[in-house]
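Presented below is the structure to which this report refers.
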Amino acid sequence: MVWDQVWIDVNVATMDPSIDGAYGAIHQAAIAVKDGKIAWVGPRNALPEFDVLATPVYRGKGGWITPGLIDAHTHLVFAGNRANEFEQRLQGASYQDIARAGGGIISTVNACRDADEAELFELGRQRLNALAREGVTTVEIKSGYGLNTETELKLLRVARELGEHHHIDVSTTFLGAHAIAPEYKDDVDGYVDLVINDMLPAVIAENLADAVDVFCENIAFNLTQTERVLSAAKQAGLQIKLHAEQLSNLGGSMLAAKLGAKSVDHIEFLDEAGVKAISASGTCATLLPGAFYFLRETQLPPIDLLRKYNVPMVVASDFNPGSSPLCSTLLMLNMACTLFRLTPEEALQGVTLNAAKALGLELRIGSITVGKQADFCLWDIHTPAQLAYAFGVNPCQNVVKNGQVVALPR
Ligand SMILES: N=CN[C@@H](CCC(=O)O)C(=O)O
Ligand SMILES: [Zn+2]
């Protein structure tokens, strides 16, 4: 047997639900890789004979291997920063006050309209490097800071180019309905027409989006407007997801469930009826502890209800300049446990297999399973719980992407 590489002297948290036990763990394990895929995984003493002269063998010194981490909700391509609003909020202004006064998302929109693609690409590359150092191998990147066709296309082109020039795979999401463009502040439905009839066709023509998202909220788009955009996206064959129940309960998650959304995101104000609806539709619940922590204006999401109805919980950074300027998926693991009381295993599921589900990629990534893409990380830890337990000293030792050991950016 000749494989491309073999890993031994490791413990493996496969995150594969078909393997019994916490984390789908295999202790004293081995992994074999062939043609960019997982070819074999199991106990070291069951590893089939292989040609040791022809096969590179990596020793993990008893560390743990997990699937490559997936950050399934980011707004990572943006220019400018909103530290001034951070100061305003610390002096008593709310996120909604600032948005209603013409700041918030619109502040970043102005910066993005002025920025060129090269500047946006370099900013995005640095942020992807930060996530890559923490073992992230797939990232979702949304647009939503253009609010005109030209700039929404610019942001999505940059997101696509980042995926082409970085080892991290990028899944892109069109979020033209992120806020009402200043030019349409008195004609919201007119702006929704622009999103559906002008932006969406242009995004599709250049194949720039894998999914479409909307911000359904009292400072953004109501249920009717949200349904118009998501229905148009579905009709065009794109996956849909929704920023829902972040600051209030408009019933966005119920609508998303009805339309078969891959995920509803934030959901701090989600109620039991909404949880039952997303459970029935197989929609994932994307938890964004960074926004909860940074804004401190919302309430805890209904974790016990999500558990009760077996809703797949996703954990993501929501990295963006306004509500979650926290570019760290490892920090989100810690916050998912310390703030939202997830178990370390639930949190790790949230950045592996469940995150893959939220992106429609669970057949390809998210667990260490024979036939899946060989995306995995070696960590200098004694138990997988350490990934959520401690923060600040990065335990990531090696990253394998598509079966290639990658040189992590310094
Ligand atoms: N709430 C909507 N969108 C982002 C925040 C965007 C911003 O404030 O720039 C979020 O997911 O939190
Ligand atoms: Zn977001």
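Bear in mind that the values here come from a model prediction, so they are computed numbers and not experimental data. All ligand and atom numbering here is 1-based and tracks the order in the structure.
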Side-chain donor/acceptor of [X] to backbone N/O of [Y], under 3.5 Å:
X    : Y    : value
D213 : H243 : yes
S317 : F319 : yes
K142 : H73  : no

Atom indices of ligand 1, in the order listed, that fall short of 4.0 Å to a heavy atom of [X]:
X    : result
S323 : 5 (C), 8 (O), 10 (C), 12 (O)
H178 : 2 (C), 3 (N), 4 (C), 6 (C)
R82  : 7 (C), 8 (O), 9 (O)

Does even one non-hydrogen atom of T108 get within less than 4.0 Å of ligand 1?
no

Heavy atom of H73 under 4.0 Å from ligand 1?
yes

Could you find the nearest protein heavy atom to [atom] and give me its residue, atom name and distance?
atom                    : value
atom 11 (O) of ligand 1 : H266 NE2, 2.8 Å
atom 8 (O) of ligand 1  : Y95 OH, 2.5 Å
atom 1 (N) of ligand 1  : Q246 OE1, 2.7 Å

Inspect the surroundings of CG in D20 and state if more than 12 heavy atoms from other residues, nucleotides or ligands are less than 6.0 Å away.
no

Looking at the Zn ion (ligand 2), which N/O/S atom of H73 is the nearest one?
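Checking each N, O and S atom of H73, the shortest distance to the Zn ion (ligand 2) belongs to NE2.
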
Which of the N/O/S atoms in D318 sits closest to the Zn ion (ligand 2)?
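Per the distance ranking, D318 contributes OD1 as its closest N/O/S atom to the Zn ion (ligand 2).
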
Among Y145, F78, F292, F215, whose heavy atom sits nearest atom 6 (C) of ligand 1?
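Nearest heavy atom to atom 6 (C) of ligand 1 lies in Y145.
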
Under 3.5 Å, is there a donor on one side chain and an acceptor on the other for E268 and T298?
yes

Using the benzene-type ring in the case of Trp, are the ring centres of Y23 and W64 under 6.0 Å apart?
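For Y23 and W64, the ring centres are not under 6.0 Å apart.
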
Does NZ or CZ of R89 fall inside the cone over F294's six-membered ring, less than 6.0 Å from its centre and within 45° of the axis?
yes

H266 near the Zn ion (ligand 2) via N/O/S, less than 2.8 Å:
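Looking at H266, which is the residue asked about, there is no N, O or S atom under 2.8 Å from the Zn ion (ligand 2).
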
Under-4.0 Å salt bridge between K401 and D375
yes

